[in-house]
Protein chains: 2
Amino acid sequence: MRRVTIREIARRAGVSESAVSFALNNRPGVSEYTRRMILQVAEEMSWRPNSAARALGGSRTGAVGLVLARPAETLGVESFFLRLVSGIQSALSTSATALLFQVVADVAAEAEVYRRWWAERRVDGVLVVDPRIDDPRPNLLSTLGLPALLIGGPDPTGTLPSIWADDTRAMTAIVEHLRSQGHQRIAHVAGLADLLHTRHRIEAFEAATGAASVTTDYSDEAGGRVTRELLTAAEPPTAIVYDNDIMAVAGIGTAAELGRAVPADVSLVAWDDSPLCRLTHPMLTALVRDTFGFGQRAAHRLLEVVDGTATGDVEDEMPHLEPRGSTSTRQ
Amino acid sequence: MRRVTIREIARRAGVSESAVSFALNNRPGVSEYTRRMILQVAEEMSWRPNSAARALGGSRTGAVGLVLARPAETLGVESFFLRLVSGIQSALSTSATALLFQVVADVAAEAEVYRRWWAERRVDGVLVVDPRIDDPRPNLLSTLGLPALLIGGPDPTGTLPSIWADDTRAMTAIVEHLRSQGHQRIAHVAGLADLLHTRHRIEAFEAATGAASVTTDYSDEAGGRVTRELLTAAEPPTAIVYDNDIMAVAGIGTAAELGRAVPADVSLVAWDDSPLCRLTHPMLTALVRDTFGFGQRAAHRLLEVVDGTATGDVEDEMPHLEPRGSTSTRQ
DNA sequence: CTGTTAGCGCGTTCAC
DNA sequence: GTGAACGCGCTAACAG
């Protein structure tokens, strides 16, 4: 495959390289006639800008980054994650921006990736997922000067702009829904204690019920174990809210083992919907989010942040509960 | 954040820019003493190469690409996929190579991404997953001249180098294992008909059993439906092999609905292991692959292909069966 | 207003 | 070990 440069287009079109550059970037300085002619030649030769040359001259690389710090045990997020990435890319593709993606073991490694990407000028900005309590990343990114958008939040330190959904109100809505079905004793099997959204959910849950949430590592094992503890206690809950789909699926299995009928004896709710929630019998009532759209909106916002045309937080739409067989009216 | 260039290092170290470049790249042309001195200065100033400048001068971008053409229904691959990507990156990180990642809807869009990446010189090579029957990608990539490694294969057209695991032998091993447990009637719920590995599995299955495989779209719905058809037939199978975890999980649910005991009435095997396979009761016997290691080896091999130091196919290790509760000895 | 020439960004490489 | 040219697109400054 021959490489096509602006120089060749200029030669072929019989004009200067700068004229070609102006025409290709839709900038003044060239007549309408010449522009059309140049564009046609470029089209015929199927020219594409060399991203390296562009990045070197201008200050844009045309790429943004996403790092997923993925402790081995956190498997429930996968489905959520691929939908999010799909949405992100659907938004990025309209501005021909590429996505640099990396999976690392922990936040320390994540920080190292940001440093490297920025030092090597590989990205124009990054999307930061899973904000944590006492999160070192906003401070790091702000110190580096690397434009970033926090997905989830808002940032407690007010350092990074963010896009977020209201987990607090979502949890309150779930509890109210269960209450309206007659549930008095509700339990909450939460996720990783140091995630910001976990704290939000816990605070909302405890405020609404007065009961204490239990934190876990999101694993199926934890979901099963905690469910067993809850259901074999003196006064077992009549409804359990799980912070992800995996734990809810494990929970429904454990309930069956213990001989508890779902939803007659105990109702179950999964925080995030996924195909898993439709594999169980009964199917799991789940909190549905428009994750693809969320990703789109996040990417769009990041591009604005990179351009400097946006700062501050945006609240995304609230997720809604999709009732299925695992919950039902109690009398 | 101040940007550090080779020019500054040269000034600070009192040498020429080329000397710095030689020293930083461990190339001859500079004395050991000077090299050390330069490296120390670079270290102090925490210099990092500007990837754009490097890409522009040399012919390497220091990035490789991976496109996932993900039809909405193919959800079972997610877990496999993240493990694969983790492995890929663990190998890439040792050579400071970045991964450009994109999720698209279909192979046509995937081809378009390859064209764009290559035209824009964004990648040095790509990893191609899910080879298909009559796959247009090897031909395209070869025409473009974009170095590529096929994950799965080998490429029937012999166009692209590949790394692959022997699905044929794996299927044969599964059938033999089931036979050794006394199973006479075995069924195979296969995946998408146009995937190459689906064909390999089907051919191996039909050669070993004489029975016909059924192709599906990998969905839980298909897994459940086909299981129901199989189990309510005149002579139901005593063992079923599913091409992914999702369908096997749906299958175990359907068996329960029909009142068939697993494994007493019917044994089930999932092709790919995942946490899902441990969420069922009984747990699913599954084919275990070292997906992380597979990704590592694939990335390593791609880098060799990019360097031109490798061509041809490599066979990766064969997956092994991990027996769990969903299969057992029949008499 | 239309178009050109010159020089920049930054690391690499080749001739000296 | 050095100086200078190069890769490719962008962008002042400048000429018609």
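In what follows, chains carry the letters A, B, and so on, assigned in the order in which the sequence lines appear, proteins first and then strands, with residues in each chain numbered from 1. Just so we're clear, the structure is a prediction, and the values are computed from it rather than from any experiment.
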**OP:** May I ask you to decide whether B:D307 forms a salt bridge with B:R60, counting only side-chain N to carboxylate O separations under 4.0 Å?
**Re:**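 Looking at B:D307 and B:R60, the cut-off is met.
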
Subject >> Note: B:R83-B:D290 ion pair, threshold 4.0 Å (strictly below) >> reply: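 Looking at B:R83 and B:D290, the cut-off is not met.
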
When you get a sec, tell me which of [options] is the closest nucleotide to the side chain of [X]?
X: B:A53; options: C:dT13, C:dG3, C:dC10; value: C:dC10
X: B:F22; options: C:dT13, C:dG11, C:dT4; value: C:dT13
X: A:S21; options: D:dC10, C:dG9, C:dC10; value: D:dC10
X: B:V15; options: C:dG9, C:dT12, D:dT2; value: D:dT2
X: B:R54; options: D:dG9, D:dT2, C:dG11; value: C:dG11
X: A:S31; options: C:dT5, C:dG3, D:dC8; value: C:dG3

Subject >> DNA chain D: 5'-proximal contact among A:R7 and B:Y33 (nearest heavy atom) >> reply: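 Comparing both residues, the 5'-ward one is B:Y33.
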
Original post:
Quick one: does B:T157's side chain get under 4.5 Å of B:N139's, heavy atoms only?
Top reply: no

Please check the phosphate of [N] (OP1 and OP2 only) for any side-chain N or O of [X] closer than 4.0 Å.
X: A:W47; N: D:dG9; value: yes
X: B:R27; N: C:dT13; value: yes
X: A:T34; N: C:dG3; value: yes
X: B:N25; N: C:dG11; value: no

Subject >> Donor-acceptor pair (no angle test) under 3.5 Å: B:S18 side chain, D:dG3 base >> reply: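 Side chain to base: pair found, below 3.5 Å.
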
Original post:
Between the base of C:dT5 and the side chain of A:S16, is there a donor-acceptor distance below 3.5 Å?
Top reply: no

Original post:
Just checking A:I6: base, sugar-phosphate only, or nothing, at a heavy-atom cut-off of under 4.0 Å?
Top reply: sugar-phosphate

**OP:** Could you tell me whether A:R35 contacts a base, only the sugar-phosphate backbone, or nothing, with contacts defined as non-hydrogen atoms closer than 4.0 Å?
**Re:** nothing

To the nearest angstrom, how far is [X] atom [atom1] from [N] atom [atom2]?
X: A:R60; N: D:dC10; atom1: CZ; atom2: C1'; result: 14 Å
X: B:I9; N: C:dC10; atom1: CD1; atom2: P; result: 12 Å
X: A:L56; N: C:dC10; atom1: CG; atom2: C1'; result: 5 Å
X: A:E8; N: D:dC8; atom1: CD; atom2: P; result: 9 Å
X: B:E120; N: D:dG9; atom1: CD; atom2: C1'; result: 13 Å
X: A:R11; N: C:dG3; atom1: CZ; atom2: C1'; result: 18 Å
X: A:E32; N: C:dT2; atom1: CD; atom2: C1'; result: 13 Å
X: A:N50; N: C:dC10; atom1: CG; atom2: C1'; result: 14 Å

Subject >> Derivation of the salt bridge (Lys or Arg N to Asp or Glu O under 4.0 Å) call for A:R12 and A:E8 >> reply: CA-CA 6 Å; A:R12 195 107 121 67; A:E8 292 178 52; over 6 Å; no

Subject >> Check: B:T309 side chain, B:E304 main-chain N or O, donor-acceptor pair, under 3.5 Å >> reply: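 Yes; at least one donor-acceptor contact below 3.5 Å.
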
**OP:** Please report the C-alpha distance between A:F80 and A:R289 in whole Å, then the side-chain angles of each, then the deciding distance to 0.1 Å, and finally whether the side-chain contact (heavy atoms from CB on, under 4.5 Å) criterion is met.
**Re:** CA-CA 9 Å; A:F80 169 82; A:R289 302 192 261 185; 3.6 Å; yes

